[in-house]
Amino acid sequence: MKDGKRIITCHGPRSIYARLFDKIREQWPAESGPGSDFIRDIVQEDLLSGRRKTVVTRFPPEPNGYLHIGHAKSICLNFGIAEEFGGHCNLRYDDTNPTKESQEYIDAIERDVHWLGFDWDKNLFHASDYFEQLYAWAEDLIRAGKAYVDDQTQEAMRAARGTLTEPGSNSPFRDRGVAENLDLFRRMRSGEFANGARVLRAKIDMASGNINLRDPVLYRILHAEHPRTGMTWKIYPSYDFAHGQSDAIEGITHSICTLEFEDHRPLYDWFIQNLPVPSQPHQYEFARLNLTYTILSKRVLTELVRGGHVSGWDDPRMPTLAGLRRRGVPPAAIRDFVKRIGVAKANSVVDMAMLEFSIREHLNKTAPRRMAVLRPLKVVIENYPQGQSEEVEAANHPEDAAAGARRIRFGRELFIERDDFMENPPKKFFRLSPGAEVRLRYAYFITCREMVKNAAGEVVELRCTYDPATRGGNAPDGRKVKATMHWVSADASVPAEVRLYNPLFARADPDAANFAADINPNSLEVLRDARVEPALAGRDSNHAVQFERLGYFCRDPDSTSERPVFNRTVGLRDTWAKVSGSGS
RNA sequence: UGGGGAAUAGUUCAACGGUAGAACAUCGGACUCUGACUCCGAGAAUCUAGGUUCGAAUCCUAGUUCCCCAGCCA
């Protein structure tokens with residue numbers, strides 16, 4: 001604290017607000033930390049000022065694909081705000097386009113939102129729940145002379161819409177009488193006309209600088225089966241005509257969406273003002289999530305799946321929630337990540353390293369430690385008695401004694417990691433090399449005496465000696481080794497398949513328009529000869545584990561009882577790889 | 001050349017006329033039976049030019065750059 005320091009406090013309305021904010025915070029304490037952003041500020045002020053008595057939000061996916069981590073940002077925002085301010089959040093399907101939607105996606109969305117850790121309780125809705133009401137409102141608009149049936153072809157409509165810099169021109173059908181409009185619209189509903197024959201349009205302003213206001217389409221004819229309403233409807237409302245009104249019906253107070261809808265807001269408001277809706281929702285926009293080395297676009301993700309570039313929506317390389325789940329990413333890590341990146345209106349690309357940090361941070365605390373050797377190199381302990389073996393004790397978690405310990409079989413023949421041996425080690429390499437002594441974790445110090453090579457000159461086996469006095473991993477004479485290495489017993493270990501994942505795209509900034517060119521050919525590496533300690537073999541659980549010194553892994557559903565398959569969720573930070581320049 | 005938005009360390013987000021701060025990343029160091037974790041430290045930013053003000057990232061003016069919009073997609 002400095003002497004003579006004076007802070008000129010701001011009197012007037014601000015300080016009053018500051019006190020009120022404190023009060024609000026007491027009343028609605030955020031779960032962990034104050035977590036604030038411009039949207040939460042708006043919500044707070046609305047509650048303070050009395051403009052709103054309560055907060056109701058909604059997460060409104062269209063069931064035309066799987067949810068990805070970008071949706072997680074929206075889910076955490078909408079459900080999070082509702083929770084923090086004592087309101088509720090609806091799950092609402094924006095199911096207004098039956099040609100793109102399916103039950104598979106509906107099921108996947110519910111599974112994924114639940115998995116992420118949110119619950120809509122009874123508040124599950126569909127835009128299709130409101131089709132009848134929306135239709136009635138459309139007729140209201142027609143009666144008020146604010147909507148008309150347009151017979152123009154799609155091409156003619158496009159031509160008459162004008163361009164970004166030139167105004168559009170009125171449709172020749174714009175001034176049709178109310179009776180004729182009503183008759184035509186009802187016949188559209190009854191299925192009398194073919195797809196594309198006519199549309200219902202709002203009569204707003206063909207010269208507006210905002211193209212969304214140039215007589216937007218309210219209804220189009222679609223003879224298609226809807227996952228929920230079947231063949232009942234032959235016409236379907238557009239997004240613009242359905243969304244705000246659905247919000248109003250549900251009593252949504254804060255309708256939070258992404259930036260690209262910013263210039264739909266005037267249209268959103270136009271409907272709210274011109275229709276007898278039961279409430280007055282407002283729309284707010286935030287910047288969607290972008291991540292380096294991936295593409296968060298349903299279109300691209302769909303093509304990745306359909307084009308066979310990945311094994312499915314839940315391929316562990318996919319940024320989908322299903323993919324992240326299969327990859328072994330804990331939902332809590334995703335929530336933490338979303339909290340860290342914040343919410344703002346500036347377009348941004350978040351470094352994938354931030355996601356990885358959240359994942360590691362969570363897994364470090366929760367994942368039991370195990371030993372596994374990905375690329376085995378055989379080690380024979382020459383001075384270890386033939387035909388004998390013993391058990392050593394290994395802690396399940398170094399920072400959590402309550403996690404207990406397990407016993408691991410040690411014997412004359414072992415496997416170590418191929419990367420942990422170098423015949424001609426560089427200076428900073430302090431693992432195993434000819435003549436060097438290292439510790440086998442929880443077991444003994446061993447020294448490499450001899451290499452066995454095959455005809456090609458490759459090292460296929462190491463002949464070592466151990467120091468029986470170092471049992472448990474400590475030398476009674478106090479001598480130190482520079483490396484501690486993981487290992488498994490040759491006999492008492494289980495063969496496993498391990499799948500290593502690298503970024504799906506080779507560039508930090510892949511081109512969504514031509515994504516195939518940027519796909520990383522080495523995004524998946526399958527190791528078929530891995531060996532894991534037996535404790536890992538039997539378990540059905542897909543709980544995350546740490547393979548010591550390697551990374552966090554989880555059991556893949558492709559596992560069989562005799563052959564487990566593990567996915568690498570994320571590697572450990574690897575300072576050595578940086579120093580040596582050898583990635584893996 | 002229309003309309004709507006956004007510009008702060010490498011990245012993401014704070015700072016709401018009064019000391020530009022955090023996290024991730026990067027680089028050092030300590031510790032270590034995981035080259036992990038943890039701990040300590042360092043470098044690193046207000047788009048530009050004017051103006052208002054005792055004082056500007058914040059207000060004003062003019063510019064620059066980037067993003068979105070011309071589906072009967074959402």
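Just so it is clear, the values below take in all heavy atoms, side chains as well, and ignore hydrogens, waters and symmetry mates. Chain A is the first sequence line, chain B the second, and so forth, proteins listed ahead of strands; every chain is numbered from 1.
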Side chain proximity check, V438(A) to K482(A), heavy atoms < 4.5 angstrom: no
Near-strand residues of residues 198-206 of chain A, defined as heavy-atom separation under 4.0 angstrom from RNA chain B: V199(A)
From CD (E250(A)) to OG (S255(A)), nearest 0.5 Å: 9.5 Å
Sugar-phosphate, base or nothing in reach of Y93(A), heavy atoms under 4.0 Å: nothing
Sub-4.0 Å heavy-atom contacts from residues 473-482 of chain A onto RNA chain B, ordered by number: G473(A), N474(A)
Rounded distance (Å) that lies between atom P of U11(B) and atom CG of L289(A): 16 Å
Anti/syn call for G10(B), syn if |chi| within 90°: anti
Separation of A74(B) P from L267(A) CG (nearest whole Å): 13 Å
Aromatic stack W576(A)/G35(B): centroid gap under 5.5 Å, interplanar angle under 30°: yes
Listed partners of E225(A) passing salt bridge (charged side-chain N to carboxylate O under 4.0 Å, His left out), at least two apart: none
Pairwise C1' distance for U11(B) and C16(B), with rounding to whole Å: 24 Å
Polar pair under 3.5 Å, donor/acceptor by atom type, side chain Q546(A), base U34(B): yes
Along RNA chain B (nearest heavy atom to each residue), the more 5'-positioned of M485(A) and A287(A): A287(A)
Where at least one partner belongs to residues 201-221 of chain A, residue pairs that pass ring pair (Phe, Tyr, Trp, His ring centres under 6.0 Å), sequence neighbours excluded: F185(A)-Y219(A), Y219(A)-F241(A)
Sugar-phosphate only, base, or nothing, as touched by P61(A) at under 4.0 Å among non-hydrogen atoms: nothing
Sugar-phosphate, base or nothing in reach of R265(A), heavy atoms under 4.0 Å: nothing
Sugar-phosphate only, base, or nothing, as touched by Y219(A) at under 4.0 Å among non-hydrogen atoms: nothing
Sugar-phosphate, base or nothing in reach of E262(A), heavy atoms under 4.0 Å: sugar-phosphate
Measure all distances between protein nitrogen or oxygen atoms and nitrogen or oxygen atoms of nucleotides 20-25 of chain B, and list the pairs falling under 3.5 Å.
residue: A23(B); atom: O2'; partner: R340(A); partner atom: NH1; Å: 2.7

Integer-rounded Å distance: G10(B) P and M352(A) CE: 22 Å
Value in whole Å for how far the C1' atom of U12(B) lies from NZ of K339(A): 15 Å
From CA spacing to verdict: side chain to side chain contact (heavy atoms under 4.5 Å, CB included), F445(A), R479(A): CA-CA 10 Å; F445(A) 286 13; R479(A) 84 181 180 277; 3.8 Å; yes
Which protein N or O atoms sit under 3.5 Å from an N or O of nucleotides 66-70 of chain B?
residue: C67(B); atom: O2'; partner: N347(A); partner atom: ND2; Å: 3.1
residue: A70(B); atom: O2'; partner: R161(A); partner atom: NE; Å: 3.3

D336(A): partners by side-chain hydrogen bond (donor to acceptor under 3.5 Å, both in side chains), with sequence neighbours left out: R340(A), S358(A)
Partner residues of Y239(A) under the side-chain hydrogen bond (donor to acceptor under 3.5 Å, both in side chains) criterion, sequence neighbours left out: none
Protein-nucleotide distance (K298(A), atom NZ; G71(B), atom C1'), rounded to Å: 17 Å
Pairwise P distance, U65(B) and A49(B) [rounded to whole Å]: 16 Å
Close aromatic pair by centroid cut-off 6.0 Å: F337(A) and F357(A): no
Sugar-phosphate, base or nothing in reach of Y236(A), heavy atoms under 4.0 Å: nothing
Given RNA chain B, 5'-ward residue of the pair A197(A) and F547(A), judged by closest heavy atom: F547(A)
Aromatic plane relationship, F410(A) with W487(A) - under 30° parallel, 30 to 60° tilted, over 60° perpendicular: perpendicular
Over all atoms of both residues, closest heavy-atom pair of L289(A) and L296(A): O-CD1, 3.4 Å
K345(A) NZ to A14(B) C1', straight-line distance once rounded to whole Å: 18 Å
Y466(A) ring center within less than 6.0 Å of Y444(A) ring center: yes
For D240(A), side-chain hydrogen bond (donor to acceptor under 3.5 Å, both in side chains) partners two or more places apart: H264(A)
Reported CG-to-CG distance for the pair L200(A) and L218(A), which is rounded to 0.5 angstrom: 5.0 Å
Set of ring-ring contact (aromatic ring centres under 6.0 Å, His included) partners for H397(A), sequence neighbours left out: none
Sub-6.0 Å ring centroid separation between F547(A) and F553(A): yes
Contact under 4.0 Å: S238(A) side-chain N or O vs C73(B) OP1/OP2: no
T484(A) side chain near U32(B) phosphate (N/O to OP1/OP2, under 4.0 Å): no
Nucleotide C72(B), atom C1' - distance to CZ of F173(A) in whole Å: 15 Å
Touch class at under 4.0 angstrom, heavy-atom based, for I341(A) against every strand present: sugar-phosphate
D37(A) vs F286(A), side chain to side chain contact (heavy atoms under 4.5 Å, CB included): CA-CA, chis, key distance, verdict: CA-CA 10 Å; D37(A) 53 66; F286(A) 69 96; over 6 Å; no
Sugar-phosphate only, base, or nothing, as touched by S358(A) at under 4.0 Å among non-hydrogen atoms: nothing
Sugar-phosphate, base or nothing in reach of E62(A), heavy atoms under 4.0 Å: sugar-phosphate
Parallel, tilted or perpendicular: ring planes of F131(A) versus Y236(A), cut at 30 and 60 degrees: perpendicular
Residues forming a salt bridge (charged side-chain N to carboxylate O under 4.0 Å, His left out) with K345(A), sequence neighbours excluded: E262(A), E285(A)
Gap between atoms NE2 and P, on H397(A) and U32(B) respectively (whole Å): 19 Å
Secondary-structure stems for RNA chain B, with pairs counted as Watson-Crick or G-U when both distances are under 3.5 Å and runs at least 3 long: B:2-7 with B:64-69, B:10-13 with B:21-24, B:26-30 with B:38-42, B:47-51 with B:59-63
S208(A) side chain near G3(B) phosphate (N/O to OP1/OP2, under 4.0 Å): no
Distance, P atom - from A23(B) to C40(B), rounded to whole angstrom: 10 Å
Phosphate OP1/OP2 of C73(B): any R220(A) side-chain N/O under 4.0 Å: yes
Check against side-chain hydrogen bond (donor to acceptor under 3.5 Å, both in side chains), Q546(A) and Y552(A): CA-CA 4 Å; Q546(A) 183 194 96; Y552(A) 298 97; 3.2 Å; yes
